[in-house]
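The structure appears right after this line, and notes come after that.
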Amino acid sequence: MRFMVLVKATKDSEAGVMPTVEELNAMGKFNSELVEAGVMLAGDGLQPSSEGARVRFENDKRSVIDGPFAETKELIAGFWIIDVKSLEEAVAWVKRVPFNSPEATEIEIRRVTEAADFAAVMTPEMQAQEDRLREKVEQQAAERP
């Protein structure tokens, strides 16, 4: 099962405060453990919301809202995509994240929806298209420098 692990933003991350060398080293060690265990599929930090935008959808209208966004507790500062056997295993990995900050933060864990979750409504043609797209994305990723 794939899970997206969402690291919630803090006042510091939204202010663009960079981690210390020690924090970077600890996170690098943790990421190495994820990779060595064959668990990590992707992971990165995100720039502050002041560098981003939101696109609002209302019927057929689209509007762009430039960052920064007000509610820090609702924002994401980084993520991992991991592949583990269960939510319990995902929780066990997340409990090992090397955060040691006086400012409280949260990490949210959400299972990624798989094509099989749509089996009741997905036609064989839709499944074949999904398979082709996933294969193409993986091929493109392998070809990137």
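- Across every non-hydrogen atom of V7 and F99, the tightest pair is CG1-CZ, 3.6 Å.
- The side-chain hydrogen bond (donor to acceptor under 3.5 Å, both in side chains) analysis of residues 106-120, with sequence neighbours excluded, yields the pairs R2-E114, K8-E108, E108-R110, R111-D117.
- Residues V5 and W93 are not in side-chain contact: their nearest non-hydrogen atoms beyond the backbone lie 4.5 Å or more apart.
- Here the closest non-hydrogen pair linking A115 and E130 is CB-CG, 4.2 Å.
- Side-chain contact between L46 and I76 is present, with heavy atoms from C-beta onward closer than 4.5 Å.
- Remark: E143 CD is packed, more than 12 non-hydrogen atoms of other residues, nucleotides or ligands lying under 6.0 Å away.
- With rounding to the nearest 0.5 angstrom, the CG atom of L6 is 9.0 Å from the CD1 atom of I81.
- A pairwise comparison of heavy atoms in A92 and R96 identifies O-CG, 3.5 Å as the closest pair.
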Does the pair V137 and Q139 meet the rule for a side chain to side chain contact (heavy atoms under 4.5 Å, CB included), with working shown? CA-CA 5 Å; V137 167; Q139 179 184 11; over 6 Å; no

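- Taking the side chain as every heavy atom from C-beta outward, P98 and E23 never approach each other to under 4.5 Å.
- Between P68 and S49, the shortest heavy-atom contact is CA-OG, 3.5 Å.
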Step-by-step side chain to side chain contact (heavy atoms under 4.5 Å, CB included) determination, I82 to L41: CA-CA 5 Å; I82 60 174; L41 301 177; over 6 Å; no

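- Cluster annotation: L87 and V97 are assigned to the same hydrophobic cluster (Ile/Leu/Val/Met/Phe/Trp/Tyr, side-chain heavy-atom contacts under 4.5 Å, transitive).
- Of all heavy-atom pairs spanning S13 and A77, the tightest one is OG-CB, 3.7 Å.
- By the 4.5 Å heavy-atom criterion applied to side chains, L133 and E135 are not counted as neighbours.
- For the pair F30 and M40, the minimum side-chain heavy-atom distance is 4.5 Å or more.
- Looking at heavy atoms from C-beta onward, T123 lies out of side-chain contact with Q127 at the 4.5 angstrom threshold.
- A distance of 11.0 Å separates NZ in K136 from CZ in R132, rounded to the nearest 0.5 Å.
- Closest approach of A9 to T105, counting heavy atoms only: O-OG1, 4.2 Å.
- The distance from the CG atom of L24 to the NZ atom of K29 is 15.0 Å, given to the nearest 0.5 Å.
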Please report the C-alpha distance between W80 and D44 in whole Å, then the side-chain angles of each, then the deciding distance to 0.1 Å, and finally whether the side-chain hydrogen bond (donor to acceptor under 3.5 Å, both in side chains) criterion is met. CA-CA 7 Å; W80 287 279; D44 276 303; over 6 Å; no

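- Using a 4.0 Å cut-off between charged nitrogen and carboxylate oxygen, E138 and R134 do not count as a salt-bridge pair.
- Using a 4.5 Å heavy-atom cutoff, the side chains of E14 and T10 are not in contact.
- Formation of a donor-acceptor pair under 3.5 Å by the E36 side chain with backbone atoms of S32 is not found in this model.
- Sorted pairs that involve residues 55-67 and meet side-chain hydrogen bond (donor to acceptor under 3.5 Å, both in side chains), not counting sequence neighbours, are lacking altogether.
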